[in-house]
Amino acid sequence: MAKPLIAGNWKMHGTAVEAAALARQLVENEHSCAAVQLAIFPPILHVGLVALELSGSSIALGAQNMSEHESGAFTGEVSADMLKEAGCTYTLVGHSERRTLFGEVDGTVADKFEIAQRSGLVPILCVGETLQQRQQGLTLAVIAEQINTVRKKVGLKNICRGVVAYEPVWAIGTGEVASPEQAQLVHRAIRELLGPGGVSTSLLYGGSVKASNAAELFAQPDIDGGLVGGASLEADEFLKIAQLMT
Ligand code: PGA
């Protein structure tokens with residue numbers, strides 16, 4: 001069984017010096033959570049220098065986003081091959097901020113998932129419902145649609161080789177966390193959607209995870225790890241969260 005994954009999404013925060021310092025702090029203390037696979041997702045411009053800080057450590061590197069195209073005239077974009085070459089193991093695909101702020105639709109997310117795997121990256125497929133969808137009782141239907149579009153493109157077996165992160169949109173960056181029961185219910189449903197191959201797929205919870213709420217989330221049977229935003233910007237807090245996974 002793979003180690004549980006705790007991923008830190010730094011979003012668009014920090015200077016190069018701050019990114020290097022944060023990575024260094026994590027490397028210096030990674031022994032405190034040896035039972036967990038840590039992964040960090042710096043802003044794209046800092047990926048190269050963070051890779052240098054991580055060399056020789058077991059902390060993995062990931063990207064927050066990538067192009068759905070392999071290469072070509074796509075000004076401003078970064079390809080999966082480039083990320084792989086820069087030392088990334090993982091990439092997020094379909095983070096809710098990409099979906100809501102940058103108009104990424106399920107079809108684009110599916111293309112990204114496919115290209116990420118083709119380049120040897122492990123895609124972390126982010127799914128989640130808005131508050132309005134939850135209030136309308138659409139949570140499981142929305143999640144199923146998001147997953148099924150990717151399934152149609154790459155097949156169930158390939159989704160199961162990736163990672164799925166359930167991140168309710170209303171819980172991201174809001175301080176409002178899903179209750180352990182709410183999160184478990186959706187994680188269970190995702191596990192069922194993935195079928196027998198999904199038994200060993202890592203299912204992460206994300207959305208206002210902190211050291212003060214992580215233990216009860218991680219205690220749920222179908223929550224295998226976390227995708228942490230704001231709380232990953234402080235080494236101590238991020239490491240504390242990771243320690244709660246063990
Ligand atoms: P948050 O972000 O922990 O700040 O809510 C999570 C995410 O966006 O992945």
Side-chain angles (χ1 to χ4, degrees), residues 4-14 18-19 22 26 33 36-44 46-47 50 59-66 88-104 109 112-113 116 121-131 133-134 139 142-143 146-147 162-180 182-183 186-187 190 202-218 220 223-245:
L5 176 63
I6 300 291
N9 175 9
W10 295 359
K11 308 196 180 181
M12 198 174 72
H13 291 291
E18 286 164 348
L22 179 52
L26 294 173
C33 37
V36 172
Q37 175 64 59
L38 294 178
I40 50 179
F41 297 70
I44 190 65
H46 304 336
V47 159
V50 169
I59 301 176
L61 185 60
Q64 300 171 15
N65 182 38
M66 48 162 271
C88 289
T89 302
Y90 296 96
T91 181
L92 303 183
V93 295
H95 187 279
S96 81
E97 284 148 20
R98 300 299 315 170
R99 294 177 189 261
T100 55
L101 303 174
F102 300 97
E104 262 182 40
V109 175
K112 290 187 180 195
F113 191 102
L121 295 170
V122 178
I124 299 180
L125 170 64
C126 304
V127 297
E129 81 290 359
T130 62
L131 184 58
Q133 288 164 335
R134 173 164 284 268
T139 300
V142 168
I143 306 291
Q146 290 171 336
I147 289 181
V163 173
V164 179
Y166 168 54
E167 298 202 296
V169 178
W170 48 272
I172 296 180
T174 58
E176 196 165 330
V177 64
S179 72
Q182 283 173 323
V186 177
H187 277 241
I190 294 173
S202 214
L203 304 185
L204 313 183
Y205 170 80
S208 297
V209 174
K210 299 186 212 58
S212 58
N213 60 29
E216 46 181 10
L217 288 161
F218 296 165
Q220 300 305 308
I223 298 184
D224 306 315
L227 177 52
V228 185
S232 70
L233 293 170
E234 298 244 344
D236 285 353
E237 176 78 3
F238 186 57
L239 291 163
K240 249 188 240 163
I241 291 170
Q243 286 154 10
L244 292 168
M245 192 66 235

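Counting from 1, the numbers follow the sequence of the chain as shown. Just so you know, ligand 1 is whichever comes first in the structure, and atom 1 is the first atom listed for that ligand. Predicted, not measured: the structure shown is a model, and the values here were computed from it.
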Query raised in the report: Is there a donor-acceptor contact under 3.5 Å from the side chain of E167 to the main chain of I172?
Result: no
Query - Atom indices of ligand 1 within 4.0 angstrom of S208 heavy atoms, with elements - result: 1 (P), 3 (O), 5 (O)
Query raised in the report: Is G206 in polar range of ligand 1, meaning some N or O pair under 3.5 Å apart?
Result: no
Query raised in the report: Relative to ligand 1, is I172 under 4.0 angstrom through side chain, backbone, both or neither, heavy atoms considered?
Result: both
Query - Y166 versus E129, side-chain donor and acceptor atoms under 3.5 Å - result: yes
Report summary line: Per-atom filter on ligand 1: closer than 4.0 angstrom to a heavy atom of A171 are 5 (O)
Query raised in the report: Do the charged groups of E104 and R99 touch, with an N to O distance under 4.0 Å?
Result: no
Query - Min N/O separation G207 to ligand 1 under 3.5 Å - result: no
**Report entry** Heteroatom proximity flag, E167 to ligand 1, N/O under 3.5 Å
**Finding:** yes
Report task. Just jot down the ligand 1 atoms closer than 4.0 angstrom to any heavy atom of H95, in number order. Result -> 7 (C), 8 (O), 9 (O)
Report summary line: Heavy-atom nearest pair, L239 first then C33, reads CD2-SG, 3.7 Å
Query - Closest contact, heavy atoms only, W170 versus A178 - result: CH2-CA, 3.7 Å
Report summary line: When every non-hydrogen atom of F102 is compared with those of E97, the smallest separation belongs to CD1-O, 3.4 Å
Query raised in the report: So is K11 polar-close to ligand 1, meaning N/O to N/O under 3.5 Å?
Result: yes
Query - Gap separating the CG atom of N65 from the CZ atom of F41, nearest 0.5 angstrom - result: 12.0 Å
Report summary line: Going by the 4.0 angstrom heavy-atom rule, the piece of S96 near ligand 1 is neither
Requested in this report: Provide the number and element of each atom of ligand 1 under 4.0 Å from a heavy atom of L227.
Outcome: 9 (O)
**Report entry** Nearest-0.5 Å distance, CD1 of residue I59 to CG of residue L38
**Finding:** 5.0 Å
**Report entry** Nearest-contact summary for atom 4 (O) of ligand 1 - protein heavy atom, Å
**Finding:** G230 N, 2.9 Å
Requested in this report: Would you name the heavy atoms of V47 and L61 that are closest together and state the gap between them?
Outcome: O-CD2, 3.7 Å
Requested in this report: Using non-hydrogen atoms of the residue, decide whether K210 is closer than 4.0 angstrom to ligand 1.
Outcome: no
Report task. Could you list which atoms of ligand 1 come closer than 4.0 Å to a heavy atom of G173? Result -> 1 (P), 4 (O), 5 (O)
Query - Shortest protein heavy-atom distance from atom 3 (O) of ligand 1, along with the residue and atom involved - result: G229 N, 2.9 Å
